[in-house]
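Values below: every heavy atom of this structure, side chains too, minus hydrogens, waters and symmetry copies. Residue numbers run from 1 in the order of the sequence given.
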Amino acid sequence: YDSAKAVVDDLKAQIEKEARDVKFGREGVAELPTNPKKYTGLYFEVSYKYKDIPMKKMQFIIVTPDKRTAYSWGYT
């Protein structure tokens with residue numbers, strides 16, 4: 001991946017492929033509190049059904065300044 005947006009786009013495509021009743025909610029810029037100018041990325045929220053179980057997820061993607069490393073964490 002060459003950007004946080006590319007990672008987010010791929011994750012969204014995977015969710016849409018594997019889940020039903022997908023509804024994307026809020027999304028925007030995410031910053032790492034220790035250095036918000038340097039470590040930025042994106043976040044998104046989504047609700048969906050997976051194997052008929054309702055799920056909600058918040059996902060964060062933060063990319064290092066050299067774009068060689070991406071950090072991803074989510075809450076489901």
Side-chain angles (χ1 to χ4, degrees):
Y1 301 104
D2 61 352
S3 66
K5 183 177 180 339
V7 177
V8 167
D9 290 346
D10 187 45
L11 288 171
K12 285 180 171 183
Q14 290 178 45
I15 292 168
E16 288 179 320
K17 180 180 175 186
E18 300 294 329
R20 296 183 307 108
D21 301 331
V22 177
K23 294 181 183 85
F24 290 100
R26 295 186 306 167
E27 58 184 80
V29 174
E31 298 174 335
L32 198 60
T34 56
N35 195 336
K37 300 285 184 216
K38 208 170 183 184
Y39 294 95
T40 62
L42 300 170
Y43 80 93
F44 68 92
E45 296 175 356
V46 61
S47 60
Y48 56 92
K49 282 188 181 176
Y50 182 74
K51 296 185 179 180
D52 291 325
I53 300 170
M55 309 286 275
K56 282 187 137 184
K57 180 177 189 68
M58 180 178 236
Q59 185 72 44
F60 293 87
I61 306 293
I62 302 289
V63 178
T64 58
D66 62 8
K67 300 191 187 306
R68 295 179 56 138
T69 306
Y71 298 98
S72 172
W73 68 96
Y75 303 95
T76 304

Can you list everything that forms a side-chain hydrogen bond (donor to acceptor under 3.5 Å, both in side chains) with [X]? Sequence neighbours excluded, please.
| X | answer |
| --- | --- |
| S3 | none |
| Y39 | none |
| R26 | E45 |
| D21 | none |

For [X], side chain to side chain contact (heavy atoms under 4.5 Å, CB included) partners two or more places apart:
| X | answer |
| --- | --- |
| F24 | K12, E16, V22, F44, V46 |
| D10 | Y1, Q14 |
| K17 | none |

To the nearest 0.5 Å, what is the distance between [atom1] on [X] and [atom2] on [Y]?
| X | Y | atom1 | atom2 | answer |
| --- | --- | --- | --- | --- |
| E31 | L42 | CD | CG | 11.0 Å |
| E18 | K51 | CD | NZ | 9.5 Å |
| K57 | L11 | NZ | CG | 7.5 Å |

Per-pair distances, 0.1 Å, donor-acceptor, side chain in residues 67-76, under 3.5 Å, sequence neighbours excluded:
| residue | atom | partner | partner atom | Å |
| --- | --- | --- | --- | --- |
| S72 | OG | Q59 | NE2 | 2.8 |
| W73 | NE1 | Y75 | OH | 3.4 |

**Report entry** Derivation of the side-chain contact (heavy atoms from CB on, under 4.5 Å) call for V63 and V7
**Finding:** CA-CA 10 Å; V63 178; V7 177; 5.9 Å; no
**Report entry** Same apolar cluster: M55 and I15, side chain cutoff 4.5 Å
**Finding:**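 Yes, one cluster joins them.
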Report task. Could you tell me which residues satisfy salt bridge (charged side-chain N to carboxylate O under 4.0 Å, His left out) with D66, sequence neighbours excluded, listed by chain and number? Result ->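 By the salt bridge (charged side-chain N to carboxylate O under 4.0 Å, His left out) rule, D66 matches no residue at all.
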Query raised in the report: For K5, which of V8, D9, D2 qualifies under side chain to side chain contact (heavy atoms under 4.5 Å, CB included)?
Result: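 Per the side chain to side chain contact (heavy atoms under 4.5 Å, CB included) rule, the option paired with K5 is D9, out of V8, D9, D2.
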Query raised in the report: Closest heavy-atom contact between A4 and G41?
Result: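 Looks like CB-CA, 4.1 Å.
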Query raised in the report: Where do P54 and K49 come nearest, in terms of heavy atoms and distance?
Result: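 Scanning both residues, the minimum pair turns out to be CA-CG, 4.2 Å.
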Report task. Evaluate whether atom OH of Y48 has more than 12 neighbouring non-hydrogen atoms of other residues, nucleotides or ligands under 6.0 angstrom away. Result ->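 Yes, the 6.0 Å shell around OH holds more than 12 heavy atoms from other groups.
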